[in-house]
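Note sheet for the following structure.
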Amino acid sequence: MKNNIRRTCAAVMTAVGLGLPVVTAGPSNPPSADEVMSWYIEATGGKTAYGKIENRVLKATLEIAGTGISFNLTSYSVRPNKLLVIMESDAMGKIESGCDGETAWENSMMTGPRIKEGEERATTLRESVFDRLIQYKDLYQKAEFAGEENIEGTSCYKVVLTPETGHPQTLYFDRDSRLLIRMDTIIDSPMGSIPSASYLSDYREVDGILIAHTVSVDVMGQKREVITHSVEHNVELPGDLFDLPEEIRELMKN
Amino acid sequence: MAIPLNKKKRMKWMRIGVLSLFLIGIGLTRCGSTRPVNSLSQAFREKNLESFDFVWSAIHAQHFDTTFGGADWPAVREELRPEMDRAESMREARAVLLEMIGRLNLSHFSIIPSELYQNLEMTDPAEDRSGDTGIDVFVNRESVWVQSIRPESPAEKADLRTGWEIVAVDDQSLKPLLLNLDREFGRKSTKTLFMTREITNRLTGPPGGSVRLKLVNLEEDTLTVRLSLEQKPGLEYQIGHLPPQFIQYESRWLDESIGYIRFNNFLDPVRLMTAFNRDMLNFLKADGIIIDIRGNGGGIVAMAMGMAGWFVSEKQQYLGTLHFRENEIKAVIFPRANSYHGPLAILVDELSASTSEIFAGGLQDIERAVIVGSRTAGATLPSTIVRLPNGDAFQYVLANYVSRGGTVLEGRGVAPDLAVTHTPESLASGTDRPLVKAVEIIRSSGKQ
């Protein structure tokens with residue numbers, strides 16, 4: 001809120017100094033997508049704070065609602081575009097997925113190892129970019145303001161990010177807090193295209209930036225809740241952490 | 001060549017459909033009171049109405065076919081709810097529910113009376129059925145035969161033999177029970193599955209307990225034995241809210257050249273997939289491989305996809321498609337780096353259900369496997385079973401399943417390429433006819 005007041009004051013002062021009529025964002029003057037995105041970036045800490053972070057280690061629990069099935073989840077992400085996510089469950093085994101900046105892959109104890117291709121690969125490469133939404137202009141062909149919408153009682157600005165190929169993402173930002181509270185997309189995989197809606201909440205500050213610590217994902221009527229327990233930045237990571245697993249290297253020979 | 005029957009216990013977990021977990025899971029859920037109601041008090045009428053509303057709403061909200069098989073679903077509610085309100089007995093109440101779900105013209109919806117629900121072991125996950133006698137049964141119409149006997153089990157110690165007929169358990173004759181179930185299930189493909197389950201349940205209980213069996217031996221003498229119940233073999237596994245299950249897995253060489261793998265569920269990926277992957281690497285140069293999923297009640301579809309990856313080298317193959325209301329998901333096969341290209345036979349029977357059918361039917365459709373045995377249960381739809389407020393159970397489908405070849409397996413099952421089943425004579429001689437046939441097929445494939 002303090003940021004909003006400061007930003008409004010700054011805008012007013014600038015407008016007055018330039019001799020322009022003073023206007024504020026509202027239904028009659030909808031903001032541009034770039035404005036909404038910049039408000040989000042600022043509300044979550046600002047580019048300077050983001051720029052100080054080189055890597056992130058996030059530990060969470062993923063629970064599938066109503067089933068009693070849960071996973072321990074650890075994700076390692078490193079600037080510019082490396083990602084490794086490890087999910088482990090006593091009942092379901094281990095599922096790893098990753099991207100070394102070039103190859104996107106998954107290795108599931110159940111389905112076996114596989115290399116992602118086509119649109120799925122493109123999406124993974126894009127989503128492996130460190131703090132993707134901060135760099136949305138480089139990653140998406142266009143960002144469009146798509147109006148306002150009430151999401152579970154919260155008035156939101158709606159922004160649609162459209163990549164060069166693949167499905168767009170629809171983002172919903174709380175008008176007051178400027179925070180991202182919902183994100184809709186379609187997940188592509190060889191099994192099919194599956195719509196998903198993620199609800200973000202419980203933002204907490206870590207090293208100067210706000211990170212949603214609860215993400216509820218609705219996939220085909222099944223709810224999954226990811227509760228983050230710890231976030232660490234600028235951690236010393238093993239040099240080979242993002243090397244492709246042996247099973248994936250074997251597949252690449254075929 | 002006679003191959004000895006597998007004497008190890010083939011545990012038959014037959015939780016139809018409930019274990020049709022896809023990548024994540026669909027499990028037993030509960031709704032309302034768990035106490036059966038025995039009289040039609042006002043409170044009970046309200047429970048029946050609550051049950052009606054639950055069934056109607058579940059179908060309305062989740063059924064994959066939004067045309068409801070041509071039925072006007074809101075009109076069905078308007079028509080039948082007053083009838084439920086007027087129902088003066090459980091029989092009448094169930095008839096209303098059956099009439100409602102019958103309007104969908106699908107086989108896999110059912111209302112399970114609370115008494116049968118109790119019998120089918122679905123009510124109390126805490127009920128201890130971890131002990132058994134070591135007997136594996138073969139149910140053929142009105143008769144129950146000893147199909148196999150686990151080494152060192154109470155049944156073996158009592159000198160029981162395969163091929164003997166079991167006519168009563170704890171002084172209850174089995175024939176009337178089987179006739180009742182025969183009437184209950186009619187022509188449903190799952191009849192043998194449920195019959196076998198009923199018999200198997202009667203041969204289990206807490207370890208340390210006992211059961212009294214009346215049998216007829218091969219000389220047609222009648223004898224009575226009391227068998228103690230001992231802890232079932234296998235590793236205990238629990239997923240989510242489902243009750244613990246015992247996972248059995250075995251592999252061996254047949255004739256030193258054919259790889260043989262058998263497992264009783266598509267569950268416990270940590271241990272089962274590790275063992276399967278290890279054995280597949282070991283069998284890569286085998287003359288052929290036999291996967292025995294007789295008695296396998298299903299489980300996690302993703303495991304079937306992963307196992308199939310060992311037998312397929314082409315990308316973009318899949319076992320079949322799950323059709324949800326708004327989406328569809330393909331059970332895709334991801335080929336392994338070193339897949340096996342030799343002959344593959346899959347053994348199935350009437351107790352092979354759910355993911356077992358998806359696995360066998362999918363590999364049959366892409367002409368990768370020869371299916372040997374008897375027609376499978378035809379219980380492939382991912383479904384769930386919930387407890388209704390009136391104590392009965394309601395099983396309903398969450399998605400339609402269509403095999404790769406375009407066949408709806410639900411209610412039909414996978415038809416074997418080679419139909420071979422046990423006979424009382426083969427059981428008596430200790431010959432596993434389907435396994436013998438599978439070996440023959442692999443031998444003949446190798447010669448071609």
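The figures here come from the full heavy-atom set of this structure, side chains too, leaving out hydrogens, waters and symmetry mates.
- Neither the backbone nor the side chain of A:Ser189 comes within less than 4.5 Å of any heavy atom of chain B.
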Pair A:Asp90, B:Val270 - check side chain to side chain contact (heavy atoms under 4.5 Å, CB included), show working. CA-CA 8 Å; A:Asp90 289 342; B:Val270 175; over 6 Å; no
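- Listed in order of number, the residues of residues 128-140 of chain A that approach chain B to under 4.5 Å between heavy atoms amount to none.
- When all heavy atoms of B:Tyr237 and A:Ala91 are compared, the closest pair comes out as OH-O, 2.6 Å.
- Of all heavy-atom pairs between B:Pro269 and A:Met110, the closest is CB-CG, 3.6 Å.
- The stretch residues 247-254 of chain A places A:Glu250, A:Leu251, A:Asn254 near chain B, each with some heavy atom under 4.5 Å from a heavy atom of that chain.
- Contacts between A:Ser108 and chain B at a heavy-atom distance below 4.5 Å are absent for every atom of the residue.
- Applying a 4.5 Å heavy-atom cutoff, the residues of residues 271-284 of chain B that approach chain A are B:Met273, B:Thr274.
- From A:Met191, atom CE reaches atom CG of B:Asn327 across 12.0 Å, with rounding to the nearest 0.5 Å.
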Given B:Ile300 and A:Met92, is the side chain to side chain contact (heavy atoms under 4.5 Å, CB included) satisfied, shown in steps? CA-CA 9 Å; B:Ile300 303 170; A:Met92 306 292 278; 3.9 Å; yes
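- Contacts classified as salt bridge (Lys or Arg N to Asp or Glu O under 4.0 Å) and involving residues 301-317 of chain B (residues at least two apart or in different chains) are given here: A:Glu117-B:Lys315.
- The neighbour count for B:Glu236 CD, taken as heavy atoms of other residues, nucleotides or ligands under 6.0 Å away, is above 12.
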